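Take a look at the structure set out below.
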Amino acid sequence: NAELSRLQNYIEKSERALSLFDVPLHFHMFDASRSNGTYDMRNLFKDTLVEAEPELAVTFVDNHDTQYGQALESWILPWFKPMAYALILLREKGYPCVFYGDYYGIPHDKVASLKELPQLLELRQKAAYGAQHDYFDNPSIVGWVRDGDEEHPNSGFALLMTINKGGSKKMLVGEQHAGEVYTDVLGNSKDRIVITKGGVGNFTVMDGSMSIWMPSGEKTEAPDDEIEEEVEAEVVEAKEEQDKA
């Protein structure tokens, strides 16, 4: 990718002294927001700075240059912005930068503040810890799990998002959560997901939205695991990663 190459060349020439804005990731999210559900979500982080040079990548959704009428005009549509901010705030890699105009709104452009942003920032502060396990295996429905850690009680979550029709995805949160009832803290889904004996949840997401699943505090009898062979392989791999962590 030419754009990524230019950024990497600048990093090399400056002897890794500077962090740079991840413009390739911004344009992936811009394209996803305006694709009418056709963007392949498996490619969100392909040829991005946060994947190539995570310690020097400043991830952002929009800024003063990308807003309407500015030099890099490429405003991400409001319906996708909660997902875009989850992609920079709730993952392991990158140094996220929140745009003033998204947090407070831009009255002269009639742009409202992003109502989900304070909650996403709180989730970053309280829940986005531990190893990360990606499930970027579907063109329109993707997700990831953060394991949480002992230093941050009740941390960790399972996140699912889609730019098209809703659906479900089986993701491993760990056998220690067997029987726990997970609910969507964003309130986009009213489902109650019970974690299986093997630590797997069949998490759901509504059309064109995102759900962030966390334990509700309720516990019930854990169901047996009934998963397809290919999903089982993914879950086994994720469990091996968790064990290593």
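Hydrogens, waters and symmetry mates are skipped; everything else that's a heavy atom, side chains included, is used. It should be emphasised that the depicted structure is a prediction, and the values quoted were computed from it without experimental measurement.
The structure places CE of Met214 at 11.5 Å from CZ of Arg146, a figure rounded to the nearest 0.5 Å. Here the CH2-CG distance, from Trp213 to Leu186, works out to 10.0 Å after rounding to the nearest 0.5 Å. To the nearest 0.5 Å, the span separating OG on Ser209 from CH2 on Trp79 amounts to 9.5 Å. Summarising the geometry, atom NZ belonging to Lys13 is positioned 14.0 Å from atom CG belonging to Leu18; distances are rounded to the nearest 0.5 Å. Atom CG in Leu160 sits 10.5 Å away from atom CE in Met83 (nearest 0.5 Å). Distance check, rounded to the nearest 0.5 Å: CZ of Phe60 to CD1 of Ile76 gives 8.0 Å.
The existence of a salt bridge linking Glu53 and Arg16 is confirmed by a sub-4.0 Å separation between a basic side-chain nitrogen and an acidic carboxylate oxygen. The pair Glu51-Lys93 meets the salt-bridge criterion, since a charged nitrogen lies less than 4.0 angstrom from a carboxylate oxygen.
Residue Val98 is tested with Leu89, Leu114, Val61 for a side-chain contact (heavy atoms from CB on, under 4.5 Å); the sole match is Leu89. The one candidate from Lys126, Gln125, Gln119 that meets the side-chain hydrogen bond (donor to acceptor under 3.5 Å, both in side chains) condition with Glu122 is Lys126.
Using cut-offs of 30° and 60° for the angle between ring planes, the Phe136 and Trp144 rings count as parallel. The aromatic rings of Tyr104 and Tyr100 are tilted relative to each other, their planes meeting at an angle between 30° and 60°.
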Discussion item. As a quick check of understanding, evaluate side-chain contact (heavy atoms from CB on, under 4.5 Å) for Val142 and Tyr135, giving each step before the final call.
Written reply: CA-CA 6 Å; Val142 297; Tyr135 293 81; over 6 Å; no
Worksheet item: How far apart are the C-alpha atoms of Lys197 and Asp225, what are their side-chain angles, what is the distance that settles it, and do they pass the salt bridge (Lys or Arg N to Asp or Glu O under 4.0 Å) test?
Response: CA-CA 7 Å; Lys197 292 177 181 177; Asp225 290 89; over 6 Å; no
Discussion item. Under the criterion side-chain contact (heavy atoms from CB on, under 4.5 Å), I'd like the reasoning laid out for Asn138 against Arg42: C-alpha separation, chi angles, the key distance, then a yes or no.
Written reply: CA-CA 6 Å; Asn138 182 281; Arg42 295 172 297 185; 5.7 Å; no
Fill in: Full working for side-chain hydrogen bond (donor to acceptor under 3.5 Å, both in side chains) between Asp134 and Gln132
CA-CA 6 Å; Asp134 284 342; Gln132 176 180 295; 3.2 Å; yes
Worksheet item: Should His28 and Asp47 be marked as a side-chain hydrogen bond (donor to acceptor under 3.5 Å, both in side chains) after you check the CA-CA gap, both sets of side-chain angles, and the distance that decides it?
Response: CA-CA 10 Å; His28 286 342; Asp47 295 325; over 6 Å; no
Worksheet entry | Audit row: Leu25, Leu49, side-chain contact (heavy atoms from CB on, under 4.5 Å) steps and yes/no | CA-CA 7 Å; Leu25 177 60; Leu49 191 64; over 6 Å; no
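Closest approach of Asp207 and Gly166 over heavy atoms only: OD1-N, 2.6 Å. Taking every heavy atom of both residues into account, Gln70 and His64 meet most closely at CG-O, 3.0 Å. When all heavy atoms of Ile88 and Pro96 are compared, the closest pair comes out as O-CB, 3.4 Å. Contact detail for Ser74 and Phe30: the closest heavy-atom pair is O-CD1, 3.2 Å. Across Ala32 and Met41, no two heavy atoms sit closer than the pair CB-SD, 4.4 Å. Nearest heavy atom pair, residue Gly101 against residue Ile106, reads CA-CG1, 3.6 Å.
At least one test fails for Arg124 against the ring of Tyr129: distance under 6.0 Å to the centre or angle within 45° of the axis.
Judged by distance alone, the side chains of Thr66 and Asp62 do bring a donor and an acceptor atom under 3.5 Å apart. Side chain to side chain, Asp22 and Thr59 fail the donor-acceptor criterion of an N or O pair below 3.5 Å. Side chain to side chain, Ser211 and Asp184 meet the donor-acceptor criterion of an N or O pair below 3.5 Å.
Between the side chain of Asn164 and the main chain of Gly37, a donor-acceptor pair closer than 3.5 Å is present. Under a 3.5 Å cut-off, the side chain of Ser113 and the backbone N or O of Lys115 do not form any donor-acceptor pair. Without hydrogens or angle criteria, Thr162 side chain to Ser140 main chain gives a donor-acceptor distance under 3.5 Å. Ser155 places no side-chain N or O within 3.5 Å of a backbone atom of Gly148 that could act as its donor or acceptor partner. Distance alone, capped at 3.5 Å, is enough to place a donor-acceptor pair between the Asn63 side chain and the Asp65 backbone.
Follow the hydrophobic side-chain contacts under 4.5 Å out from Leu56 and you reach Leu4 in the same cluster. Under the 4.5 Å side-chain heavy-atom criterion for ILVMFWY residues, no single connected hydrophobic cluster contains both Ile141 and Met29. Hydrophobic clustering, with ILVMFWY side chains joined whenever heavy atoms are under 4.5 angstrom apart, keeps Val173 apart from Phe157. Val194 and Met171 are assigned to two separate hydrophobic clusters, defined by single-linkage of ILVMFWY side chains at heavy-atom distances under 4.5 Å. Put simply, Tyr85 and Val58 are part of the same group of oily side chains (I, L, V, M, F, W, Y) that touch within less than 4.5 Å, one to the next.
Side-chain atoms of Trp75 and Glu73, non-hydrogen and from C-beta on, never get closer than 4.5 Å to each other.
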